Structures are given as structure tokens and as C-alpha cells.
There are 2 protein chains.
Amino acid sequence: MCEAMDGWRDQGFTSADCPVRDVVDHLGDKWSTLILSLLFIGPKRFGALRRAVPDISQRMLTQTLRDLQRDGLIERQVFPTKPPSVEYSLSALGMSLQTPLNALIAWAVEHHGAIREARARYDRAEAA
Amino acid sequence: MCEAMDGWRDQGFTSADCPVRDVVDHLGDKWSTLILSLLFIGPKRFGALRRAVPDISQRMLTQTLRDLQRDGLIERQVFPTKPPSVEYSLSALGMSLQTPLNALIAWAVEHHGAIREARARYDRAEAA
DNA sequence: ACACCTGGTCTCGAAAAGAGACCAGCAAAG
DNA sequence: CTTTGCTGGTCTCTTTTCGAGACCAGGTGT
């Protein structure tokens, strides 16, 4: 697809290592963006994240966190407390994502109404 | 999760109609972002999109386009040519997404290397 | 008559996600 | 001193989703 990236297409990206694919696919994990936006506020423990996103399964939370950690966006730190607690926090790389991601979130908030209207219109039209 | 959205949490969003969920989930469709980034360049026909993204199945392309259309981000126009051709283009709403989405794409391009390194580091560490 | 272009839809097997049980280790309650 | 609960996970099972590829209509070129 990097055919799309006007200025970037000449840099020799194939589908496989196209930055857009590589990065956006992960943000497209449905949960990743959500988790990141929570960590923008500050470090959170596993349980806190689970409570903050009630409809994520424990399994997916674990997996999402691991993926983000693997990509170097977040850091995992285990504290040897009585019930050992695990804290997740943004890495420097993760921090740098904050600005563009927040811009996107702001767009979402601003145009949410328009999208819901468009959806309703579409559904009404196809019902006929 | 809208607990996360500092300023927005008090506006009465539940999980169900939280703008972040509603919008980001769709961008998280893996293909949506890709298709949108192609349409930022200009209107494209179905076949052109399929050729531009070689590893998308026809089924998913159709579905992705329909979802984007439903959300009012793109418009579909049928031309009654000999083999009827269909052109997809951005709506005004879709246009407004261009700036924030491009910011994200720019981030992806800039930090792609760092992510790949982090990934390699992680994989090397867990292999031990 | 034949293959072929267009933009799709239908079916089927594989892969991924969700729900929920289960686990170890320790602490406080009873 | 047994029970209950908290911690952060993993394992299994079921449901959803996805990808590959066949098929379709209708017109055109050969």
C-alpha cells in the first residue's frame, strides 16, 4: 500500500516493512489505543487497567500489554509487594506517540456526532 | 474507558457511546486507515484500491469501504460505463480526518526504526 | 462462441477474540 | 489454622471474524 505514501514510496518500502502497516496495524488492535490513552494519564497497574476498561477480557489485556511492551511503547515493572503488583508505564517512545494520538482522539470527540448521524442515515436508507 | 479522557469523562459518555471507542475501533479495522490514506491522495476505483493493497481480500475491501461509507467518511459513486465502474472518494468529514491521521502516519514513519529495534530486543530477551 | 473486464456476493476452513475456570503465593479475618 | 481474598496471569472452550477462492451479471472485444 505504500504506493499511497507519496513522498515515502520511493524509499523502498515493501508491503512487509511499510511503516504504516507495521504501526497502524498495531494501533488497530482495538484495545491498544485505549490502553495507551489510559497510560497517557499516568502509570497504571494491571488491575487498574482492567477496571478502567470493563469489557476487555483478562486474556486480551495481557496480550495487548505484551504487544505494546514488545514494540517498546510501554514498560513493565514488577514490585515485590506482598501480592506482587505490576505497573505499566509509557516509555519515551510511547510518550512521543501522545501528541499525534491525542489529535486523533480529539478528532473523534469532535466528529463523533456527525459519524453517528451518518450511520443512522445510512441504516435508514438501506432499510428501504 | 472514557474514565481516561480527563476532560471528557464528565460529559456522560458510557462505554457504549464513548467517542474514542466508537471511532478508534473503526480505524482499528486494520484496513480502514490504509484505505483512507489512499483516498487522501484522490478518488479511486474499486479495482485501483484492490491493486494498491495487494494483500486485502476482495471481501474485506468491500466491507471496509461499506463501513467507511456508513460512517460518512467516504462517498460511493457509480458510473454507468460499459462495465459499470465505481469510484470512492472522501467526504468532507473524511477530509477533516486527513490532518490528524497524517500526523499519526508521520509518527509511524519517524519511529518505525525504533519500534523494529524494540521488537528485536524483546524477542532476543524472551528467547533466553 | 469465447474469453475477459467490471464490482461484487457466497461458501468454507482457518485464525483470532471473548467468557470464564483455574493457579500460586501470601495476608488478614474468623 | 482454615478460609477468604487479593495479586497478575494462563488454559480451555465457544463464538466471531478473516482470508482464499469460486461464482455472478452484463457488456465488449476477437
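Every value quoted in this text rests on a predicted model; they were computed, and no experiment measured them. Protein chains get the first letters and strands the later ones, always in sequence-line order, with residue 1 at the start of each. Because only heavy atoms are used, hydrogens play no part in the values below, and waters and symmetry mates are left out as well, while side chains stay in.
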- Query: Minimum heavy-atom separation for L93(B) to W107(A), with atom names?
  - Reply: O-CZ2, 3.8 Å
- Query: Taking for each residue the nucleotide of DNA chain D bearing the nearest heavy atom, is the 5' side occupied by P83(B) or by Y88(A)?
  - Reply: Y88(A)
- Using atom CE of M60(A) as one end and atom P of dT15(D) as the other, report the distance to the nearest whole Å. 19 Å
- I56(A) CD1 - dA17(C) P separation (whole Å): 11 Å
- Item | Closest nucleotide among dA20(D), dT6(C), dT7(D) to the S85(B) side chain | dT6(C)
- Message: Rounding to an integer number of Å, can you tell me how far L65(A) CG sits from dG9(D) P?
- Response: 8 Å
- Message: What is the distance, to the nearest angstrom, from the CD atom on Q58(B) to the C1' atom on dT11(C)?
- Response: 15 Å
- So do W31(B) and L61(B) actually touch side chain to side chain, heavy atoms under 4.5 Å? no
- Note on the structure: Out of dG7(C), dA17(C), dT28(D), minimum distance to the side chain of K82(B) belongs to dT28(D)
- Message: Membership question, hydrophobic clusters at under 4.5 Å side-chain separation (ILVMFWY): are F46(B) and F79(B) in the same one?
- Response: no
- Item | Side-chain touch F40(B)/L101(B), heavy atoms, less than 4.5 angstrom | yes
- Message: Which nucleotide wins on minimum distance to the side chain of T62(B), given the candidates dT6(C), dT9(C), dG8(D)?
- Response: dT9(C)
- Message: Between P on dG7(C) and CG on L61(B), what's the gap in Å once rounded to a whole number?
- Response: 10 Å
- Message: Rounding to an integer number of Å, can you tell me how far R45(B) CZ sits from dC5(C) P?
- Response: 13 Å
- Rounded to the Å, how far apart are I35(B) CD1 and dG7(C) P? 13 Å
- Query: What nucleic acid atoms does R50(A) come within less than 4.0 Å of, heavy atoms only: base, sugar-phosphate, or nothing?
  - Reply: nothing
- Return no unless some side-chain N or O of R59(A) is found under 4.0 Å from OP1 or OP2 of dA21(C). no
- Nearest of dG19(D), dG18(C), dG8(D) to any side-chain atom of K30(A)? dG18(C)
- What is the nucleic acid contact for F79(A), judged by heavy atoms within less than 4.0 Å: base, sugar-phosphate only, or nothing? nothing
- Among dG9(D), dT7(D), dG18(C), find the nucleotide with the atom closest to the side chain of R66(A). dG9(D)
- Query: If you check every side-chain atom of W31(A), which of dG18(C), dA20(D), dT7(D) has the closest atom?
  - Reply: dG18(C)
- 5'-most contact on DNA chain D (nearest-nucleotide basis), D29(B) vs P84(B), goes to D29(B)
- Let me know the distance between CG of D55(A) and P of dT16(D), rounded to the nearest Å. 16 Å
- Select one nucleotide: of dA20(D), dG8(D), dG7(C), the one nearest the side-chain heavy atoms of F46(A). dG8(D)
- Pick base, sugar-phosphate or nothing for Q63(B), based on heavy-atom distances below 4.0 Å to the nucleic acid. sugar-phosphate
- Task: With rounding to the nearest 0.5 Å, note down the distance linking CG in L90(A) to CD in Q98(A).
- Result: 7.0 Å
- With the side chain counted from C-beta on, respond yes when S37(A) and I105(A) share a heavy-atom pair under 4.5 Å apart, and no when they do not. yes
